[in-house]
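Written out below as structure tokens is the structure these notes cover.
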Amino acid sequence: MLLDWYDAHARDLPWRAAPSTTPPDPYRVWLSEVMLQQTTVAAVKPYFAKFTERWPTVQALAAAPEEEVMAAWAGLGYYSRARNVVKCAAEVAALGAFPDTEADLRKLPGLGDYTAAAVAAIAFGRRAVVVDANVERVVARLFAIEDSLPGARKTIRVKADSITPDTRAGDFAQGLMDLGSGICTSRDAKCLLCPLQKVCKGRASGDPLRLPVKAPKKAKPSRTGTAFWIERDDAVWLVKRPGKGMLGGMRSLPDDGWSARGDGNKDAPLSGAWKAAGVVRHSFTHFDLELGVAVHAEHRPAPGGEGEWWPTGSIEEAGLPTLFAKAARLVLAARD
DNA sequence: CATCCGTGGTC
DNA sequence: TGACCAAGGAT
């Protein structure tokens, strides 16, 4: 019933092998699934195109310098994914190919329960129970599961298992996800268009939108910090952030140590006069940040420590995460 | 199990 | 306009 609907209504997405005659490329399936973690299809499309054009195979990606992969990922968010993509590609290249079972895929960096199941089912035709946020919502409504998330996950998984077919589990999973994306969404339930309308207990209850029940969210703290723009000979001083934590491993402007835990200390990385260029507001998942941007006003600054001079004219290619890209735009826009 | 980790779109 | 949310994973 769901598979028939999927055959008729499947979205045409770049990472889906067009006809069922050609087996999907595990590399493309894996890469798309990682990019799609907590990220919308629309946001992923240009990145998927860029990555697969530049690195058409997992071997090509494994051979790429980590710095280039991180820069190519800039703007997509959740940068631990990019670090794990690099590690995973190296492991797979060493193995010669992707593992073809859910259990072995699960051992790779960056592949959790969801992604291992999705790749096993979609790329290798394995029967696997694929549960993402879409499936959680559809299943919670389909079976009218009243327990709240995240506690309800066990029940949801058991129910998802009970309806997963032995064949075409990958299409089944993608069908559920397409359903959750376009028909059975968090804000709406277009039950009259749904292939499961006759068997859905959530619909029968009269109010499917209340499901799944979710725990209340915590308030977001607000933080302040400062980023520093140091320029010399038409080049700006960039640093590389530590491998873990916020924006880990990404190229960035120097800053004053702001974090989710607290404000920055306002200490500049260099002595001399500074001029305020303005403020950038940026909202992260778990806190809001007001980032002041300070421009060094001395003639030929000489910052110490690790870093590199990046040509100001090609700052867009530096692979700055969005927060610092905004800061750079703020400084450069003031010159027009 | 709770917390940390980005970003852009949507209403 | 601000709150909510999206094909989660690691710790």
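Residue numbers begin at 1 in each chain, while the letters A, B, ... track the order of the sequences.
Within the nucleic acid shown, A:L289 has no heavy atom closer than 4.0 Å to any nucleic acid atom. Using a 4.0 Å heavy-atom distance criterion, A:R153 is classed as making no nucleic acid contact. Within the 4.0 angstrom heavy-atom criterion, only backbone atoms of the sugar-phosphate kind lie near A:A260; the bases stay farther away. Across all strands shown, A:S32 has no heavy atoms under 4.0 Å from either base or sugar-phosphate atoms. Using a 4.0 Å heavy-atom distance criterion, A:A118 is classed as making no nucleic acid contact. Counting any heavy atom pair closer than 4.0 Å across all strands shown, A:R83 reaches no nucleic acid atom. Residue A:K218 is classed as a sugar-phosphate contact, given heavy-atom separations below 4.0 Å to backbone atoms only. A:W30 comes within 4.0 angstrom of no nucleic acid atom, judged by non-hydrogen atoms across all strands. Contacts of A:L247 with the nucleic acid, taken as non-hydrogen atoms under 4.0 Å apart, involve only primed sugar atoms and P, OP1 or OP2. Here A:G180 lies out of heavy-atom contact (under 4.0 Å) with every strand.
Minimum atom distance to the side chain of A:S186 is reached by C:dA6, of the listed C:dA10, C:dA6, B:dC4. Closest approach to the A:R187 side chain among B:dT7, C:dA6, B:dT10 is made by B:dT10 (side chain taken as heavy atoms from C-beta onward). Nearest nucleotide to the side chain of A:M246, out of B:dG6, B:dC4, B:dT10: B:dG6. With distances taken from any side-chain atom of A:S181 to the nucleotides C:dA7, C:dC5, B:dT7, the minimum falls on C:dA7. Here B:dC4 is the nucleotide among C:dG8, B:dC4, B:dT7 with the atom lying nearest to any side-chain atom of A:R261.
If you check the side chains of A:R16 and A:S32, you find no donor sitting under 3.5 Å from an acceptor. No hydrogens or angles considered: nothing links the side chains of A:N84 and A:R81 as a donor-acceptor pair under 3.5 Å. Side-chain contact of A:E290 with A:S222: a donor-acceptor pair under 3.5 Å is absent, judged by distance alone. Side chains of A:Y27 and A:Q59: no donor on one and acceptor on the other come within 3.5 Å.
B:dG6 and C:dC4: their C1' atoms are spaced 15 Å apart (whole Å). Separation of the C1' atoms belonging to C:dC5 and C:dT1 is 16 Å when rounded to the nearest angstrom. When the P atom is used for both B:dC11 and C:dA7, the distance is 15 Å, rounded to whole Å. When the P atom is used for both C:dG9 and B:dG8, the distance is 22 Å, rounded to whole Å. Nucleotides B:dC1 and C:dA10 place their C1' atoms 14 Å apart, quoted to the nearest Å.
Between the side chain of A:R81 and the base of C:dA10, no donor-acceptor pair of N or O atoms lies under 3.5 Å. With hydrogens and angles ignored, a donor-acceptor pair under 3.5 angstrom links the side chain of A:T39 to the base of B:dG6.
If you measure from atom CG of A:D132 to atom C1' of C:dA7, you get 5 Å, rounded to the nearest angstrom. One atom, NZ of A:K326, and another, P of B:dG8, lie 7 Å apart when rounded to the nearest Å. Counting to the nearest Å, the C1' atom of C:dG9 and the CD atom of A:Q38 are 9 Å from each other. Atom P of nucleotide B:dC5 and atom OH of A:Y79 are separated by 14 Å, given to the nearest angstrom. Between A:L13 atom CG and C:dA6 atom C1' there is a gap of 14 Å when expressed in whole angstrom units. Following rounding to the nearest Å, A:L149 (CG) and C:dG8 (P) show an atom-to-atom distance of 13 Å. Between A:L323 atom CG and B:dC5 atom C1' there is a gap of 14 Å when expressed in whole angstrom units. Rounded to an integer number of Å, the gap from A:M250 CE to B:dG6 P is 9 Å.
The aromatic ring centroids of A:W229 and A:H296 lie 6.0 Å or more from each other.
Ranked by how close their nearest DNA chain B nucleotide is to the 5' end, A:P150 and A:T285 are led by A:P150. If you find the closest nucleotide of DNA chain B to A:K154 and to A:T40, the one lying nearer the 5' end belongs to A:K154. In terms of position along DNA chain C, the nucleotide closest to A:R137 lies nearer the 5' end than the nucleotide closest to the other residue of the pair A:D113 and A:R137.
Contact check, A:H286 against B:dC5: a side-chain N or O comes under 4.0 Å of OP1 or OP2. Contact annotation: A:S80 does not reach the phosphate of B:dC4 (side-chain N/O to OP1 or OP2, under 4.0 Å). Considering only side-chain N and O atoms, A:H282 lies under 4.0 angstrom from the phosphate OP1 or OP2 of B:dT7. Of the side-chain N and O atoms in A:K244, none sit less than 4.0 angstrom from OP1 or OP2 of C:dA10.
Relative orientation of the A:H282 and A:F284 rings is perpendicular, given thresholds of 30° and 60° on the angle between their planes.
A cation-pi arrangement, defined by a distance under 6.0 Å to the six-membered ring centre and an angle within 45 degrees of its axis, is present between A:R241 and A:W258.
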Test salt bridge (charged side-chain N to carboxylate O under 4.0 Å, His left out) on A:R281 and A:D288 and set out the steps.
CA-CA 8 Å; A:R281 293 175 209 289; A:D288 295 321; over 6 Å; no
